[in-house]
> 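Handing you this structure, nothing more for now.
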Amino acid sequence: MSKNTFQSPSIESETIETLSAKLLATTAELATANKKLMQVQKEREEMLSNISHDLRAPITAIRSAVDYLTSGQNISMEDYKSSVELIDRRTRNLEHLIQDMYYLFCVEDTSKELQFEKIDAAPFFETYFYDTIIDSRYDTHEMILDMPEDLDCTISIDTQKMVRVLDNLFTNAAKYSPEDSAITLQVSATNTELTCAVIDTGFGIPAEALENIFKRTYTVSSARTPGSATGSGLGLSIVKAIVERHDGTIRCESEEGKGSRFVITLPVK
Ligand code: ADP
């Protein structure tokens, strides 16, 4: 009895070739996925170590001040005042840091829906601009709104989150610029994309730090301004996370001594 169950050698070898190719492709995919997983794991570890470092520093300072105040030794009024001020300042930093960490976790958590609404871009940016520039921190800057009068464009955004983005960029622009320098909000649109840029003529960012400013890992935080009064160092990570949840992009062009330009693009609806 002839056995018909075997395929001809050519078909069989073709099948083996196809299978081998598939296997190779799958192996390559697995290797890429594994690499990504390890990268995520590494970032998570760095982030945890960064968080515990950031939390530990102010707690240690507060603990030392409390120990000093409760040590029973004679403390001059001046020392007493400066210790209490230190506790106040460091507690505020801590509160700010914890708030920002929680905010960042929430924004990055894609299971938490954003409150998207379709809005006219022009009145949104115009209202934001005029509401913001009355803040005294902008008194010493020249504030410019550069937006075509006939800008007609609808975007779908979570307005509260987008206000947070602009607030961060404006605050930074003022924080890292000298008095009397200009800060510009520039808005334009095509049929498919809205572009919004916050431009300052301030201190700028060194080229080697530029690629790190949106990250929240340890190496980046060392690139952040040390001892900044209120900055948690997470501002731009939050900005990036919000923009990306809007299917948008953000980039920064900067030159030391000349200024920075943070450019956001958002899809037009
Ligand atoms: P921070 O709380 O330190 O301001 P951010 O995440 O908002 O944290 O910014 C990260 C770092 O990027 C800042 O510490 C600063 O060094 C730099 N940076 C951000 N915006 C500007 C800007 N407009 N001009 C110069 N440097 C900036």
Side-chain angles (χ1 to χ4, degrees), residues 43 46-47 50-51 53-55 57-58 89-108 128-129 132-133 135 137-146 161-187 195-245 248-264:
E43 274 174 19
E46 272 176 10
M47 191 186 74
N50 197 13
I51 287 173
H53 173 270
D54 286 352
L55 291 177
R89 205 169 47 245
R90 294 302 228 157
T91 309
R92 275 174 212 271
N93 287 163
L94 211 48
E95 282 166 356
H96 196 79
L97 182 61
I98 291 166
Q99 268 172 18
D100 274 3
M101 275 176 187
Y102 183 66
Y103 194 92
L104 180 59
F105 283 133
C106 290
V107 174
E108 285 187 338
Y128 175 82
F129 180 79
T132 301
I133 59 170
D135 190 309
R137 85 182 80 180
Y138 303 111
D139 283 355
T140 54
H141 290 277
E142 186 194 352
M143 304 301 290
I144 302 165
L145 175 62
D146 176 6
K161 298 274 184 305
M162 205 44 76
V163 163
R164 170 79 191 231
V165 165
L166 295 170
D167 276 348
N168 265 306
L169 296 180
F170 265 70
T171 310
N172 280 349
K175 203 157 69 170
Y176 302 112
S177 298
E179 283 189 5
D180 296 331
S181 60
I183 298 175
T184 305
L185 174 62
Q186 192 178 62
V187 186
T195 303
C196 150
V198 177
I199 306 158
D200 66 63
T201 49
F203 311 133
I205 302 169
E208 63 276 12
L210 208 50
E211 61 180 296
N212 288 327
I213 54 171
F214 294 105
K215 295 186 197 160
R216 50 175 188 188
T217 54
Y218 181 72
T219 43
V220 180
S221 71
S222 65
R224 291 177 173 142
T225 319
S228 92
T230 51
S232 66
L234 291 174
L236 288 178
S237 311
I238 291 174
V239 164
K240 185 166 188 277
I242 295 176
V243 170
E244 287 180 352
R245 290 223 43 201
T249 64
I250 179 157
R251 65 176 195 277
C252 173
E253 297 149 11
S254 187
E255 207 176 319
E256 252 187 309
K258 292 212 165 149
S260 308
R261 182 188 182 91
F262 285 84
V263 185
I264 291 172

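Since the structure is predicted, the reported quantities are computational estimates derived from the model, not experimental observations. All heavy atoms count here, side chains included; hydrogens, waters and symmetry mates do not. When a ligand or atom number is given, it counts from 1 through the structure's own listing order. Residues take their numbers from the sequence shown, with the count starting at 1.
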> Treating T140 as the side-chain partner and D180 as the backbone partner, does any N or O pair qualify as donor plus acceptor under 3.5 Å?
no
> Are the side chains of I213 and L210 in contact, using a 4.5 Å heavy-atom criterion?
yes
> Strictly under 4.0 Å, does any heavy atom of D200 approach an atom of ligand 1?
yes
> Would you call L234 and Y103 a side-chain contact if the rule is heavy atoms closer than 4.5 Å?
no
> Give a yes or no on whether the backbone of A197 and the side-chain of R261 come within a donor-acceptor separation of less than 3.5 Å.
no
> F214: heavy atom below 4.0 Å from ligand 1, yes or no?
no
> Which one holds for F262 and ligand 1: side chain close, backbone close, both close, or neither close, with close meaning a heavy atom under 4.0 Å?
side chain
> N/O of K175 under 3.5 Å from N/O of ligand 1, yes or no?
yes
> Can you sort out which atoms of ligand 1 are near I205, meaning under 4.0 Å from one of its heavy atoms?
18 (N), 25 (C), 26 (N), 27 (C)
> Taking the side chain as C-beta and beyond, is there a heavy-atom pair between F170 and L185 under 4.5 Å?
yes
> Should you measure from each heavy atom of G233, which atoms of ligand 1 turn up under 4.0 Å away?
1 (P), 2 (O), 3 (O), 6 (O), 8 (O)
> Identify, by atom number and element, the atoms of ligand 1 in contact range of L236, meaning under 4.0 Å from any of its heavy atoms.
5 (P), 6 (O), 7 (O), 9 (O), 10 (C), 12 (O), 19 (C)
> When you compare the side chain of D146 with that of I199, does any pair of heavy atoms fall below 4.5 Å?
no
> Any heavy atom of S260 closer to ligand 1 than 4.0 angstrom?
yes
